[in-house]
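Nothing here was measured: the structure is a model prediction, and the numbers come from that model. A note on names: the letters A, B, ... follow the listed sequences, proteins ahead of strands, and every chain is numbered from 1.
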2 protein chains.
Amino acid sequence: MTDPAITGTDLSRLRELNSLTVVRALRTQPPATVTELAKITGLSRPAVDVIAQGLVTDGWATVVEPGATSVVGRPARRYRFRATAGHVIGVDVGAHKILALIADLDGNVVHTARRAVTPEADPDERLAALDEILATSLAEAGMTPPDIWAVTVGVTGPVDATGKTTLFTPLPGWRAVDLPAHLSDVFTCPILVENDCKLAALAERWQGAAQDANDIVYLLAGMRNGAGLIIDGVLRRGFGGAAGEIGALRAVRWLSAPSHLQKCPGVPPTVSPDDAAAWVFNAAREGNRDARTAVSRYVKDLAVGTAALVLALDPQVVVFGGGFSRSADLVLDQLSRELQKLCLRLPEVRASSLGADCVALGALRLALDEVDQRLFTLGLSAPVAPLRT
Amino acid sequence: MTDPAITGTDLSRLRELNSLTVVRALRTQPPATVTELAKITGLSRPAVDVIAQGLVTDGWATVVEPGATSVVGRPARRYRFRATAGHVIGVDVGAHKILALIADLDGNVVHTARRAVTPEADPDERLAALDEILATSLAEAGMTPPDIWAVTVGVTGPVDATGKTTLFTPLPGWRAVDLPAHLSDVFTCPILVENDCKLAALAERWQGAAQDANDIVYLLAGMRNGAGLIIDGVLRRGFGGAAGEIGALRAVRWLSAPSHLQKCPGVPPTVSPDDAAAWVFNAAREGNRDARTAVSRYVKDLAVGTAALVLALDPQVVVFGGGFSRSADLVLDQLSRELQKLCLRLPEVRASSLGADCVALGALRLALDEVDQRLFTLGLSAPVAPLRT
DNA sequence: CATACTTTGTAAACTCCATAGTAATATTGG
DNA sequence: CCAATATTACTATGGAGTTTACAAAGTATG
């Protein structure tokens with residue numbers, strides 16, 4: 001009924017806002033004194049003092065009693081954000097593997113679990129593997145589902161508003177899978193499902209090659225190409241969750257791009273189709289002419305779709321990620337030259353600096369964002385797992 | 001030094017926040033009583049009362065003394081937002097014309113001025129025409145430059161962060177023009193320069209065909225094609241201001257699309273090249289086979305670039321605007337069918353509902369947004385024109 | 001080892017804002 | 001003219017942050 005944007009503020013809300021301000025300041029870095037916090041927030045020392053004490057009693061912060069200091073004056077109590085008050089889970093459900101990470105509220109990974117699956121596994125099999133890896137992860141980390149404040153699962157293919165990949169996904173039978181419904185048997189906290197490229201983009205901005213950028217086109221380059229878009233610092237999903245799926249347009253040749261590598265003449269028959277690309281990249285690095293030609297054609301095709309995204313969005317950075325990013329040394333320069341030819345303004349082209357965990361890392365980031373968003377809009381009550389709305 | 005995001009709030013700021021809340025409520029619609037405002041804002045009646053009186057003394061609101069009412073009880077004073085406290089200017093500097101609108105803070109247009117220029121006019125000539133139309137507009141509206149709180153000028157071509165069209169513009173010699181610098185001789189208020197397609201997109205969301213949508217791809221279709229992108233409700237410019245310039249990519253055939261119309265066989269030699277497209281659309285409407293084929297080819301080519309934008313962004317709505325939108329009846333259905341073939345998820349395709357003023361209207365909207373943004377972040381002091389920062 | 005000095009922690013007085021409750025006022029209907 | 005009703009004006013109350021003052025806990029210095 002009432003628009004929250006035009007809702008008046010009363011005194012208690014003011015206290016809440018200032019508490020959140022102090023929490024934000026606390027989270028910026030290591031244990032801080034009341035005086036430091038007062039300087040950061042612009043509040044007075046007494047105000048910060050009572051707020052900090054309130055945060056301690058609520059469980060959002062802990063006190064670090066003063067140790068040996070080398071400065072003049074009375075040693076100050078230090079307050080630290082209690083990152084272990086809650087945890088989040090980020091999962092990457094891929095064709096070949098499932099990777100689950102558990103992290104605290106600061107994003108420190110406290111548990112990692114990996115499990116291989118076959119690409120042909122049917123949904124029941126894959127879901128069973130997912131359930132199993134989640135159960136053992138929780139057990140090994142000494143946690144129970146109520147300790148988890150948010151879960152994000154990364155999957156291949158565009159994810160709609162209900163968390164399903166109804167439009168398309170390469171995983172067999174996976175289109176009908178309702179992951180939020182499935183996981184809600186175990187977790188009462190918010191459950192998010194997101195496309196793997198988009199999550200990788202988030203990870204790259206969080207801890208990877210694009211930490212300084214707010215406008216990012218992330219390329220997940222491999223046997224399948226995908227893209228994740230961060231615009232004005234926020235991951236954009238599009239109205240139906242299908243933003244970045246430029247590969248569907250035949251005119252931009254993303255579908256055919258990897259085939260240049262697979263069909264490169266000279267690949268030994270002993271190399272499996274899955275490993276052909278890696279072989280070609282290696283051969284190209286050693287000077288094989290056919291391989292160099294194949295890579296060149298691959299980059300040329302990749303550049304067309306990338307140029308379409310770059311022209312559409314005019315990003316600051318293009319991040320070359322995905323399985324092929326290990327061979328970024330062979331790709332980056334030429335990709336940049338091709339984009340120069342095709343685009344109005346050339347963005348920086350960088351190689352991904354994260355490994356194969358990047359999708360799961362991005363899933364963590366999205367879960368943490370969800371927690372933060374609830375915190376800063378709904379206010380901080382006692383630190384317990386939020387309920388799904 | 002200090003991050004405004006983690007700045008504490010004190011009591012006076014709280015009053016300011018609540019004042020802004022009341023202003024927002026006032027602006028939602030017609031003169032409101034204190035009781036109504038209290039209900040909307042959630043504040044108590046006395047609080048709203050003192051705030052409203054403060055707004056009146058500051059000049060942000062006016063009192064409407066009660067007239068004849070048909071309800072029981074003492075008639076209530078009504079408060080109205082004083083939209084005439086300030087005004088903004090929106091200008092469309094096109095190849096053929098300059099259009100200047102003056103509007104109050106509610107967006108009501110209070111003055112309109114149009115002036116023809118030749119496409120070949122050099123920058124000095126065009127700037128002189130701009131200065132002249134601005135001067136006469138102000139004079140006719142009975143205003144002086146200090147009465148203007150923000151000015152937006154729409155131009156063709158991507159606009160960089162400094163307000164220049166250094167990358168590209170079809171206006172001769174215009175790339176070197178520094179509009180903000182030029183206009184700052186007259187105005188001390190914020191001066192914005194923006195791409196015409198982007199402004200038209202804003203207008204369409206403000207008063208046109210896409211008022212309900214937050215994710216919009218706007219097509220400015222004419223002898224030149226352009227696009228404006230609204231994502232999550234906000235106009236996106238891209239890192240260098242060149243977002244939406246998909247037309248630069250040859251693979252998507254936007255450059256060649258209008259030539260199908262111009263080169264259509266059967267156009268009488270009496271028709272000027274500028275009017276050829278209109279002739280073809282009319283002929284197609286009357287059943288001319290050649291014309292229908294030309295239109296069909298035009299739409300096919302237009303659809304490729306549009307599909308690239310749709311796949312990249314996954315918008316809710318595609319708005320077909322620009323000069324050709326008068327012939328939307330011939331285009332929309334087929335465009336929709338082509339997009340259906342090319343895209344993963346088909347967005348709604350709608351025709352623009354605004355006329356040739358849409359760029360200037362969008363310029364007004366951007367200027368109003370600038371004013372609002374300053375209001376709601378910097379707080380409301382006395383209602384006077386803000387200074388450029 | 002005592003003193004001066006510096007910084008932190010805490011309490012009190014003060015200001016400002018919103019709320020709640022009450023009295024006064026103005027209008028309509030009987 | 002009086003009762004009912006809704007608005008406006010006024011006062012008291014409580015909460016939150018700031019300022020000021022002072023005690024407490026250390027280090028530096030003679």
Side-chain angles (χ1 to χ4, degrees), chain A residues 2 6-23 25-26 31-58 61 63-80 379-380, chain B residues 2 6-23 25 31-58 61-80 379-380:
Chain A
T2 50
I6 52 174
T7 290
T9 309
D10 86 334
L11 281 291
S12 61
R13 176 72 184 151
L14 184 140
R15 159 54 70 88
E16 195 162 66
L17 287 173
N18 282 339
S19 294
L20 287 168
T21 301
V22 171
V23 167
L26 270 179
T33 68
V34 170
T35 317
E36 289 164 2
L37 290 172
K39 191 164 289 176
I40 296 174
T41 58
L43 296 168
S44 66
R45 264 195 307 285
V48 175
D49 196 79
V50 298
I51 289 172
Q53 287 176 16
L55 290 174
V56 171
T57 59
D58 281 355
V63 180
V64 184
E65 283 303 336
T69 52
S70 58
V71 283
V72 181
R74 176 174 174 170
R77 249 201 304 268
R78 291 181 171 275
Y79 292 89
R80 152 181 292 154
L380 28 74
Chain B
T2 49
I6 53 175
T7 291
T9 310
D10 91 337
L11 281 292
S12 62
R13 176 69 185 154
L14 183 143
R15 157 54 72 86
E16 196 163 66
L17 287 173
N18 281 341
S19 295
L20 287 169
T21 301
V22 172
V23 167
T33 68
V34 170
T35 318
E36 290 166 2
L37 290 172
K39 192 165 292 178
I40 295 174
T41 58
L43 296 167
S44 68
R45 267 193 306 283
V48 175
D49 194 80
V50 298
I51 288 172
Q53 286 176 15
L55 290 175
V56 171
T57 60
D58 281 355
T62 52
V63 179
V64 184
E65 282 303 336
T69 52
S70 58
V71 283
V72 183
R74 174 174 175 171
R77 247 200 305 270
R78 291 182 172 273
Y79 292 91
R80 150 181 294 155
L380 29 72

Look at B:Ser12 and C:dC16 and indicate whether a side-chain polar atom (N or O) is within less than 4.0 Å of OP1 or OP2. no

OP1 or OP2 of D:dT19 sitting under 4.0 Å from any side-chain N/O of A:Ser44? no

If every non-hydrogen atom of A:Tyr79 is compared with every non-hydrogen atom of A:Leu26, which pair is closest and at what distance? O-CD2, 3.5 Å

Minimum-distance nucleotide (side-chain atoms of B:Arg45 versus C:dT19, D:dG15, D:dT8): D:dT8

What is the distance, to the nearest angstrom, from the CG atom on A:Leu43 to the P atom on D:dA16? 14 Å

Can you tell which of C:dA11, D:dA16, C:dG9 lies closest to the side chain of A:Ala76? C:dG9

Under 4.0 Å, counting only non-hydrogen atoms across every strand here, what does A:Thr35 touch: a base, just sugar-phosphate, or nothing? sugar-phosphate

With nearest nucleotides of DNA chain C determined for A:Arg78 and B:Ile51 from heavy-atom distances, which residue corresponds to the more 5′ nucleotide? A:Arg78

Given D:dA24, C:dA18, D:dC10, identify the nucleotide with an atom nearest to the side chain of A:Arg74. D:dA24

How many Å lie between CZ on B:Arg13 and C1' on C:dT15, as a whole number? 19 Å

More than 12 heavy atoms of other groups within 6.0 Å of B:Arg13 CZ: yes

Of the nucleotides D:dA25, D:dG17, C:dA18, which one has an atom closest to the side chain of A:Pro75? D:dA25

Does the side chain of B:Gln53 reach to within under 4.5 Å of the side chain of B:Val34, using non-hydrogen atoms? no

So, is B:Arg15 close to the C:dA18 phosphate, meaning a side-chain N or O under 4.0 Å from OP1 or OP2? yes

To the side chain of B:Asp49, which of D:dT7, C:dC16, D:dA9 is closest? D:dA9

A:Leu20 CG to D:dA16 P, straight-line distance once rounded to whole Å: 14 Å

Report yes if at least one side-chain N or O of A:Gln53 is closer than 4.0 Å to OP1 or OP2 of C:dG9; otherwise report no. no

Taking only the side-chain nitrogens and oxygens of A:Asn18, find out if one of them lies under 4.0 Å from OP1 or OP2 of D:dA16. no

Distance below 4.0 Å between A:Arg77 side-chain N/O and D:dA25 OP1 or OP2: no

Considering only heavy side-chain atoms of B:Leu14, the closest of C:dC17, D:dT8, C:dT19 is C:dC17

note: A:Leu11, atom CG; D:dG15, atom P; distance rounded to Å ~ 9 Å

How long is the line joining NZ of A:Lys39 and C1' of C:dT7, in whole Å? 12 Å

Which distance, rounded to the nearest 0.5 Å, do you find between the CZ of A:Arg78 and the CG of A:Leu37? 9.5 Å

For residues A:Thr41 and A:Asn18, determine if any side-chain heavy atom of one lies less than 4.5 Å from a side-chain heavy atom of the other. no

